[in-house]
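One structure is given below, encoded as structure tokens.
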Protein chains: 4
Amino acid sequence: MILSIDLASEVPIYQQLRDQIVEAIAEGVLTAGSSLPATRTLAADFGINFHTVNKAYDLLRQQGLIRLNRKSGAVVTAAVTDPMVPSDWAAKVRTLLAEAVARGIPPDEVLRTCSSMLDSFGAKQREDTP
Amino acid sequence: MILSIDLASEVPIYQQLRDQIVEAIAEGVLTAGSSLPATRTLAADFGINFHTVNKAYDLLRQQGLIRLNRKSGAVVTAAVTDPMVPSDWAAKVRTLLAEAVARGIPPDEVLRTCSSMLDSFGAKQREDTP
Amino acid sequence: MILSIDLASEVPIYQQLRDQIVEAIAEGVLTAGSSLPATRTLAADFGINFHTVNKAYDLLRQQGLIRLNRKSGAVVTAAVTDPMVPSDWAAKVRTLLAEAVARGIPPDEVLRTCSSMLDSFGAKQREDTP
Amino acid sequence: MILSIDLASEVPIYQQLRDQIVEAIAEGVLTAGSSLPATRTLAADFGINFHTVNKAYDLLRQQGLIRLNRKSGAVVTAAVTDPMVPSDWAAKVRTLLAEAVARGIPPDEVLRTCSSMLDSFGAKQREDTP
DNA sequence: GTGGTCTAGACCACA
DNA sequence: GTGGTCTAGACCACT
């Protein structure tokens, strides 16, 4: 897995890490049982603070995407059995979609954008397991 | 237009206001030329400070969704002529979609959720202009 | 002289009028001694308030670009004898130029942009007096 | 960096602050990575309210010139990679240039004024890195 | 110790 | 009567 962070970005580093790991899981690059790099290793690689990586991992743990053990490190969990759409997630998506529509973008174009994004996740998955 | 704010929420009040107004515009409840309540009026209705409403309106103005005049108050602008998808918007959506997929929700169900949200905007529009 | 105003614009109508008349003078489309349309005529043409046109004309008068008489209407004055650069004008230009440079635009490109703008004024003048 | 504000001016204090900081960036007095004074510190120095400084900083953040962090304060960002001339910026410059020409100032003198302003930015930069 | 948010209340400019 | 600006002072989140 290749991660890249932008130290000059507006978005916090721990958020960038979290987002990219989430994407990697969505793409199937990281599958259930995969191990994430040790926090100190990852921090050293990027020259960032160890606590920053910790915070990113903790966010993922809170969401149930990874499991943190003292001995086995950070491990990607199996997909949640309850595939319900969390309400706050739906609220965020709804706000974003509304923003696009309010700016005058046709709804079907917005949907097409979403569709192609979702397809791109699947494409990565097929590449990995040919 | 019906707005509701949650004073106990961790998302800022001005953000809640902005989001709901954006949704109202997307739904067509607020159309181009519609007037928003005066800042102090809206503030009084919710029992909040007028500066908080001011900040929400200012965010909408920055995004080009409303126009602020000393004489005519806050007025919804016509939809932007350039229906381009901003890159940072796309990045936010991509992260959110990845989050759903990572949680094990099938991509086609995610897409269906988006589709129904977009439809709900259109539905409101059709209600208004039967 | 052809004027066009954008009722939906962020910038006040009287300002748009003033700016376009200033440009027309700079381009030589309006020369010293030229008469501007009567305020009520111009207001009727655009379907705007008569006071709005009045305000634009008054701004031009304050700057010494036109002269207002009850009988002869608004007349473009001869170019000011003192071609000094007003300090507040210089301050505005300086701030704008600084903004471009601060955004990373090379100074010579900024200067080239200014140069081509100034040339465009002269071009119009030559067209008018072949 | 030396800032000066005029409390009696009709241009808002936060605007004065913003403009002077923009100039400082253009001059190279503030380079990418430089820290600006803390909002409350700067406010205390000028005997103004910290909210006023906050608004100036927020404008700079919106423009992408600085980054605001809770921990590291206000930091000047690297120059934007896209050196495009925004259309509204061009419109403002065009209006100002037209104003000068309309007042009878020869275009080449206007251009020389712009050129010397741009040079003065570079001059400051050279002073800083001799 | 930083910025972020919210409140309360004042005066101004515009029209 | 509208938004715009400024002040004064509070508490919170993050580090």
Side-chain angles (χ1 to χ4, degrees), chain A residues 10-15 43 48-56 58-59, chain B residues 5-18 35-44 46-62 66-76, chain C residues 10-15 43 48-56 58-59, chain D residues 5-18 35-62 66-75:
Chain A
E10 189 83 344
V11 24
I13 295 171
Y14 68 87
Q15 184 96 18
I48 59 179
N49 195 300
F50 143 79
H51 291 295
T52 304
V53 180
N54 236 346
K55 183 160 187 175
D58 195 54
L59 283 176
Chain B
I5 59 174
D6 176 12
L7 296 175
S9 167
E10 68 174 353
V11 31
I13 298 174
Y14 69 87
Q15 186 81 268
Q16 295 180 43
L17 284 176
R18 191 212 77 114
S35 281
L36 269 61
T39 49
R40 285 161 174 84
T41 306
L42 192 54
F46 284 121
I48 61 177
N49 193 279
F50 91 92
H51 284 121
T52 306
V53 179
N54 226 346
K55 190 159 185 175
Y57 279 17
D58 197 53
L59 284 176
L60 292 164
R61 183 190 59 75
Q62 286 169 32
I66 68 173
R67 209 153 32 96
L68 295 176
N69 278 318
R70 280 188 151 104
K71 78 166 193 185
S72 51
V75 179
V76 178
Chain C
E10 189 84 343
V11 23
I13 295 172
Y14 68 87
Q15 184 96 17
I48 59 179
N49 195 300
F50 143 79
H51 292 294
T52 305
V53 180
N54 235 346
K55 184 161 185 177
D58 195 54
L59 284 176
Chain D
I5 60 174
D6 175 13
L7 297 175
S9 167
E10 69 173 354
V11 31
I13 298 174
Y14 69 86
Q15 185 82 269
Q16 296 180 42
L17 283 176
R18 190 211 78 116
S35 281
L36 269 62
T39 49
R40 286 161 175 85
T41 305
L42 192 53
D45 288 351
F46 284 120
I48 60 178
N49 194 278
F50 92 90
H51 284 122
T52 305
V53 179
N54 226 347
K55 190 159 185 177
Y57 279 17
D58 197 53
L59 284 176
L60 292 164
R61 182 191 58 76
Q62 286 169 31
I66 68 174
R67 208 152 34 94
L68 295 176
N69 278 318
R70 281 187 150 107
K71 78 165 195 186
S72 51
V75 179

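All values derive from a computational prediction rather than experimental measurement.
- Distance, Leu7(B) CG to dT7(E) C1': 12 Å, rounded to whole Å.
- Here dT2(F) is the nucleotide among dG3(E), dC6(F), dT2(F) with the atom lying nearest to any side-chain atom of Arg70(B).
- Nucleic acid contact class of Asn54(B) (heavy atoms, under 4.0 Å, all strands): base.
- Taking a pair as Watson-Crick or G-U wobble with both distances under 3.5 Å, DNA chain F forms stems of 3 or more consecutive pairs at E:1-14 with F:1-14.
- Under 4.0 angstrom from either OP1 or OP2 of dG4(E) there lies no side-chain N or O belonging to Lys55(B).
- If you measure from atom CG of Leu42(D) to atom P of dT2(E), you get 12 Å, rounded to the nearest angstrom.
- In terms of phosphate contacts, Thr39(D) brings no side-chain nitrogen or oxygen within less than 4.0 Å of OP1 or OP2 of dT2(E).
- Residue Arg40(D) places no side-chain atom within donor-acceptor reach of the base of dG1(E), judged by atom type and a 3.5 Å distance cut-off alone.
- Relative to the side chain of Phe50(D), the nucleotides dT7(E), dG3(F), dA10(F) differ in distance, and dA10(F) lies closest.
- Among all heavy-atom pairs drawn from Ser72(B) and Val75(B), the shortest one is O-CG2, 3.8 Å.
- Of the two residues near DNA chain E, Lys71(B) and Ala38(D), the one whose nearest nucleotide lies more 5' is Ala38(D).
- Atom CG of Asn69(B) and atom P of dG1(F) are 18 Å apart (whole Å).
- Considering every non-hydrogen atom in both Pro37(B) and Tyr57(B), the closest pair reads O-OH, 2.7 Å.
- Distance, Arg67(B) CZ to dT2(F) P: 17 Å, rounded to whole Å.
- Spacing between atom CD1 of Ile5(B) and atom C1' of dT5(E) amounts to 13 Å, rounded to whole angstrom units.
- Closest approach of Thr52(D) and Tyr14(D) over heavy atoms only: O-CB, 3.5 Å.
- To the nearest angstrom, C1' of dA8(F) lies 13 Å from CG of Asn49(B).
- The shortest heavy-atom contact between Leu17(D) and Ala56(D) is CB-CB, 3.8 Å.
- Between Pro12(B) and Tyr14(C), the residue anchored nearer the 5' end of DNA chain E, judged by the nucleotide with its closest heavy atom, is Pro12(B).
- Comparing dG9(F), dT7(E), dG9(E) against the side chain of His51(B) picks out dG9(E) as the nearest.
- The CZ-C1' distance, from Phe46(D) to dT7(F), rounds to 17 Å in whole Å.
- In this structure, CG of Asp58(A) is placed 12 Å from P of dC14(F), rounded to the nearest angstrom.
- Inter-residue side-chain proximity for Val53(D) and Thr41(D) is flagged as unmet; no heavy-atom pair is nearer than 4.5 Å.
- Looking at every heavy atom in both residues, Ser9(D) comes nearest to Gln16(D) through CB-NE2, 3.5 Å.
- The side chain of Ser72(B) places no N or O atom within less than 4.0 Å of a non-bridging phosphate oxygen (OP1 or OP2) of dT2(F).
- Of all non-hydrogen atoms in Asn69(D) and Arg67(D), the two that sit nearest each other are ND2-NH1, 3.5 Å.
- Taking 4.0 Å as the cut-off between side-chain N and carboxylate O, Asp58(B) and Lys55(B) do not count as a salt-bridged pair.
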